[in-house]
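Below: the structure, in structure tokens.
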Amino acid sequence: MPHGIGRIKIRLPRAIRKGQVIAVKTLIIHPMETGFRKDKATKRKVPAFYIDDVSVYYGGTLISRAKWTMAVSANPFMSFYVKADKEAPLRIVWKDIKGGVYEKTVQVKPR
Amino acid sequence: MAMDRGNGRGKAGPWAAVAVIVFMIAALPLSAQAGNAKKGEKIAKTRKLGNCVACHYLPNVESPGDIGPNLVEAMQEYTMADRKDVVQWIRDARKFNPGTIMPPFGTNKILTPKQIDDLVTYLYTLKK
Amino acid sequence: MIKKISNLRKFFACAALILAVTWLHAFSPGGARAADNKAAATIEELTPSMSYKEYHKRYEAYYGDTTARMAEEGNPADFLLDDGKDLANKVEGSKGKSCASCHGKDALKLKGAATTYPRYDARLPGIMTFALQINTCRQKQMGARPLKYESYDQLALTMYIKSLSNGMPIKVSIDGPARPFFEKGKIAYYKRQGQLNFSCAICHVQYAGYKARSNLISNNKHHADHWPSYRLKWGKTGSLQRRFRGCLKNMRAKRPPLQSEMLRNLEFYLTYINNGDLIQVPGMRM
């Protein structure tokens, strides 16, 4: 298993005004095996192992959900825009096809 | 349609055989050194074989390289009499250009003489 | 006929060089400089087919600024930086020390240390690369086991300590005893090798900016300032020497092991010709 699988980085702008549309940038370490790659040493196919579901919750409500496939690159980067109209936690959950759940919460604090 | 062809073949059988033999005799001096153009095309476009398209333009290839000259244009300048030179370019281009980037396909045994022959035959099909 | 003329030309060039060398010898304080000139003259340097500006224009038109933007927004190698910082403070080995014991908290005193590497080391004797220096330090000063090259910890520690020099220009020196190793590196860079009979220079100097199939061949400027770097093709972080080995494999040439003399000399040469570039670790490349 690769080192540090499921490690997450979420970046928000430093200062957020209330009602501002902010860019949230996320990065997760994951091998995202397609299931088509061959291991050169063993000459066998590496089984598929990728994230297929990403959900974003803002203050408890689901605001965005993405369905990913094996076509997404290793260590996927995702960014999206949110209107920061309340002080609330932003929770992002990644689920992979082997049942792994990786999540991280950051606090959005508009001034 | 298939049946028609079958019948036709049956009738023309002896004549076709004679025609084939005549053609073979006529083509003998050429076919003695001519390879298989279809195999040659595969060699030119396969990464593990010739991989000409890494550097040269060839028709019907997705994004060929642009390091070497366009081979369709280049081949217009060669006649059948220059076949030797075309073979030499592929076998070891350093004879014509000592500082060339082109790999010596024959000298370094990247391709067999037979494969180079097929390749040259394919290149001559690019002549208009 | 042509060969004859080129032979003649070579003869005259040699004669002129010998004259120049003897002239230099007569006027320079030591004979060392003349000897260096002679060694350097064995290699014919190639000239680029296009200016760096033209190359960059082509690069921008073909790839755009994708990787630069990706590196800024979220480089997966950033995680290695965090781990490297922890490793720098971690006590290991028989002497009960960490990097931080000698080099200050978070090894911050090593700021700027990476700019002069690779450099000549009389104890080897040969070229000391930054990765090799860290391992030597671990063995001699800490009494710890050396980290395996290209392993996660080794890359993380190297990357973290190198990142302390971010934004500072590379200033590698080839004076004195380092000179022969620089020449060896240059020979490695210009020597035709492998079944395909390529050299590093023929692609990255002469044909930089052209396309090999769908890859734009990169110019050797900015080739040494961002390692260890995250590479999209690998899907992970790797060192410059791993990249060298990848290139050698594509040339179907013999691949010397990591941190072997040839690869160290090559790294020395490549870093020297990129003197003045600002270190930017971790990088991100295709």
Side-chain angles (χ1 to χ4, degrees), chain B residues 41-74 82 84-85 87-116 119 122-123, chain C residues 1-10 13 43-50 54-55 57-59 61-63 189-220 233 246-254 286:
Chain B
E41 181 168 7
K42 195 178 169 232
I43 291 163
K45 296 176 181 176
T46 307
R47 185 162 184 252
K48 286 199 167 155
L49 297 169
N51 202 16
C52 308
V53 285
C55 299
H56 295 283
Y57 169 84
L58 283 175
N60 307 324
V61 174
E62 186 80 18
S63 63
D66 60 0
I67 294 169
N70 179 330
L71 285 181
V72 177
E73 282 167 16
D82 305 325
K84 210 165 79 265
D85 285 353
V87 171
Q88 182 61 46
W89 266 111
I90 297 167
R91 195 188 291 143
D92 199 334
R94 287 175 288 187
K95 194 187 169 193
F96 301 109
N97 176 9
T100 186
I101 189 174
M102 184 154 159
F105 288 93
T107 309
N108 281 7
K109 298 195 171 64
I110 302 164
L111 297 175
T112 63
K114 176 82 181 48
Q115 283 175 319
I116 293 178
L119 194 52
Y122 162 65
L123 289 178
Chain C
M1 183 66 189
I2 291 166
K3 210 172 174 189
K4 234 180 188 172
I5 288 174
S6 77
N7 271 346
L8 255 174
R9 216 204 258 147
K10 255 184 206 161
I43 301 163
E44 258 182 69
E45 272 196 44
L46 297 169
T47 43
S49 311
M50 64 182 77
E54 167 67 20
Y55 157 76
K57 216 173 81 189
R58 284 193 187 200
Y59 182 92
Y62 197 58
Y63 290 128
Y189 200 75
Y190 275 89
K191 196 178 109 194
R192 296 291 196 111
Q193 49 188 327
Q195 197 184 22
L196 297 183
N197 198 39
F198 291 161
S199 67
C200 310
I202 194 140
C203 283
H204 294 290
V205 177
Q206 193 175 353
Y207 286 101
Y210 286 97
K211 270 184 276 175
R213 200 72 197 257
S214 57
N215 292 318
L216 196 85
I217 301 176
S218 59
N219 190 295
N220 65 8
K233 192 189 165 190
C247 238
L248 287 167
K249 192 187 170 200
N250 291 348
M251 289 152 71
R252 304 187 190 172
K254 217 175 93 194
M286 256 168 252

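No experiment lies behind these values; they were computed from the predicted model shown. These values consider heavy atoms only, across backbone and side chains, with no hydrogens, waters or symmetry-generated copies. Chain naming here is simple, since letters A, B, ... match the order of the sequence lines and numbering starts at 1 in each.
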Checklist entry - What is the distance from atom CZ of B/R94 to atom CG of C/N197, rounded to the nearest 0.5 Å? => result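 Reported value, rounded in 0.5 Å steps: 4.5 Å.
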Checklist entry - If you measure from CD1 on B/I101 to CD1 on C/I217, what distance do you get to the nearest 0.5 Å? => result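 So the CD1 of B/I101 and the CD1 of C/I217 are separated by 6.0 Å.
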Next on the checklist: Suppose a student defines contact as a heavy atom less than 4.5 Å from any heavy atom of chain C. Which residues in residues 106-116 of chain B would they list?
Outcome noted: B/N108, B/K109, B/I110
Item to check | Least distance between heavy atoms, B/P104 atom then C/Q195 atom | outcome: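 Scanning both residues completely, I find the closest heavy atoms to be CD-O, 4.5 Å.
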Checklist entry - Who are the salt bridge (Lys or Arg N to Asp or Glu O under 4.0 Å) partners of B/E62, not counting sequence neighbours? => result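 Scan of B/E62 (salt bridge (Lys or Arg N to Asp or Glu O under 4.0 Å), adjacent residues dropped) gives none.
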Item to check | Qualifying residues under ring-ring contact (aromatic ring centres under 6.0 Å, His included), relative to C/F198, sequence neighbours excluded | outcome: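 Once residues adjacent in sequence are excluded, C/F198 has no partner under the ring-ring contact (aromatic ring centres under 6.0 Å, His included) criterion.
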Checklist entry - Can you pull out the residues in residues 206-213 of chain C with any heavy atom less than 4.5 Å from chain B? => result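 C/Y207, C/Y210, C/K211, C/A212, C/R213, listed by number.
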